[in-house]
Amino acid sequence: MKKVLALFLALVVVFAAQVQLAEAAEQGKPATPIKKSRVYPKDLEKDLNYSGTVTISATVNAEGKVIKTVVMRSSGRPKIDKIAMEAASKWEFKPAVDKEGNPMEVWYMIKFEAKDFK
């Protein structure tokens, strides 16, 4: 039952993030990445044998900085999820703006695939 509730809540958050991004796109301009961080530290690449995806929800403030990250779809490996969250937290964005041109806070979904971990 807990897994069903957790899945439902994750779906609600994903839906809310998509609605927020769609509204930002309609009313102004959505956030766009301007600096992406390397996912897997180069010196640890030999240790990783991974294929799959991790989806991270990043809260981007009005200045374009990531202020919070949450795993929306886990890789099934906590180490991989942590690495993806750390990488996402270092991204920088051109801030989203509303229809009046004012910067605003938004959620941004980041999907890391296996190729991003090499």
Side-chain angles (χ1 to χ4, degrees):
M1 185 66 176
K2 287 183 181 179
K3 287 184 179 181
V4 172
L5 181 57
L7 178 61
F8 174 75
L9 291 174
L11 289 173
V12 168
V13 171
V14 168
F15 177 74
Q18 290 175 340
V19 168
Q20 186 181 24
L21 288 173
E23 288 175 355
E26 280 180 18
Q27 298 174 357
K29 295 181 181 176
T32 53
I34 56 174
K35 178 184 169 194
K36 297 180 181 182
S37 178
R38 181 175 174 78
V39 175
Y40 202 65
K42 190 171 184 158
D43 59 331
L44 298 176
E45 286 181 359
K46 297 173 192 168
D47 298 337
L48 185 64
N49 181 18
Y50 172 70
S51 63
T53 61
V54 180
T55 304
I56 304 293
S57 172
T59 303
V60 180
N61 69 14
E63 289 79 39
K65 304 288 184 194
V66 174
I67 57 172
K68 182 178 178 183
T69 58
V70 177
V71 175
M72 299 307 296
R73 181 172 181 239
S74 175
S75 66
R77 294 172 62 182
K79 182 177 180 179
I80 300 295
D81 294 349
K82 182 179 177 186
I83 291 167
M85 285 181 52
E86 288 174 0
S89 70
K90 295 175 185 171
W91 283 32
E92 293 180 17
F93 292 80
K94 180 177 180 182
V97 294
D98 61 20
K99 63 183 175 183
E100 285 86 31
N102 300 314
M104 59 189 241
E105 184 175 290
V106 295
W107 290 337
Y108 190 87
M109 301 302 277
I110 303 171
K111 183 177 182 180
F112 294 108
E113 297 183 15
K115 65 179 175 57
D116 298 320
F117 290 89
K118 297 185 183 206

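Residue numbers count from 1 along this sequence.
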Chemist: What's the shortest heavy-atom distance between Ala62 and Pro103, and which atoms?
Modeler: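 Closest heavy-atom pair between Ala62 and Pro103: O-CB, 3.3 Å.
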Chemist: Val71 versus Ile56: any side-chain heavy-atom pair under 4.5 Å?
Modeler: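 The answer is yes, as the side chains (C-beta and beyond) meet within the 4.5 Å cut-off.
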Chemist: Considering residues at least two apart in sequence or located in another chain, which fulfil the side chain to side chain contact (heavy atoms under 4.5 Å, CB included) criterion with Lys82?
Modeler: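 Partners of Lys82 by the side chain to side chain contact (heavy atoms under 4.5 Å, CB included) criterion, ordered by chain and then number, come out as Glu86.
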Chemist: For Phe112 and Thr53: C-alpha separation, side-chain torsions, deciding distance, then whether side-chain contact (heavy atoms from CB on, under 4.5 Å) applies.
Modeler: CA-CA 6 Å; Phe112 294 108; Thr53 61; over 6 Å; no
Chemist: Considering residues at least two apart in sequence or located in another chain, which fulfil the salt bridge (Lys or Arg N to Asp or Glu O under 4.0 Å) criterion with Lys68?
Modeler: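 Counting only residues at least two positions away or on another chain, Lys68 forms no salt bridge (Lys or Arg N to Asp or Glu O under 4.0 Å).
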Chemist: If every non-hydrogen atom of Pro95 is compared with every non-hydrogen atom of Gly64, which pair is closest and at what distance?
Modeler: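 Residues Pro95 and Gly64, closest heavy atoms: CG-N, 3.8 Å.
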Chemist: Can you tell me how far the CE atom of Met85 sits from the OG1 atom of Thr69, to the nearest 0.5 Å?
Modeler: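 Rounded to the nearest 0.5 Å, the CE-OG1 separation comes to 3.5 Å.
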Chemist: Can you check whether Ile110 reaches Thr55 side chain to side chain, under 4.5 Å on heavy atoms?
Modeler: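 Result no, sub-4.5 Å side-chain heavy-atom pair not found.
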Chemist: How close do Thr59 and Glu105 get, heavy atom to heavy atom, and via which atoms?
Modeler: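 Of all heavy-atom pairs spanning Thr59 and Glu105, the closest is CG2-OE2, 3.6 Å.
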Chemist: Could you pull out the closest heavy-atom pair between Ser74 and Asp81, with the gap in Å?
Modeler: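 Heavy-atom minimum between the residues: OG-OD2, 2.5 Å.
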Chemist: Taking all non-hydrogen atoms of both residues into account, name the closest pair between Ala88 and Val66 and its distance.
Modeler: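 Heavy-atom minimum between the residues: O-CG2, 3.5 Å.
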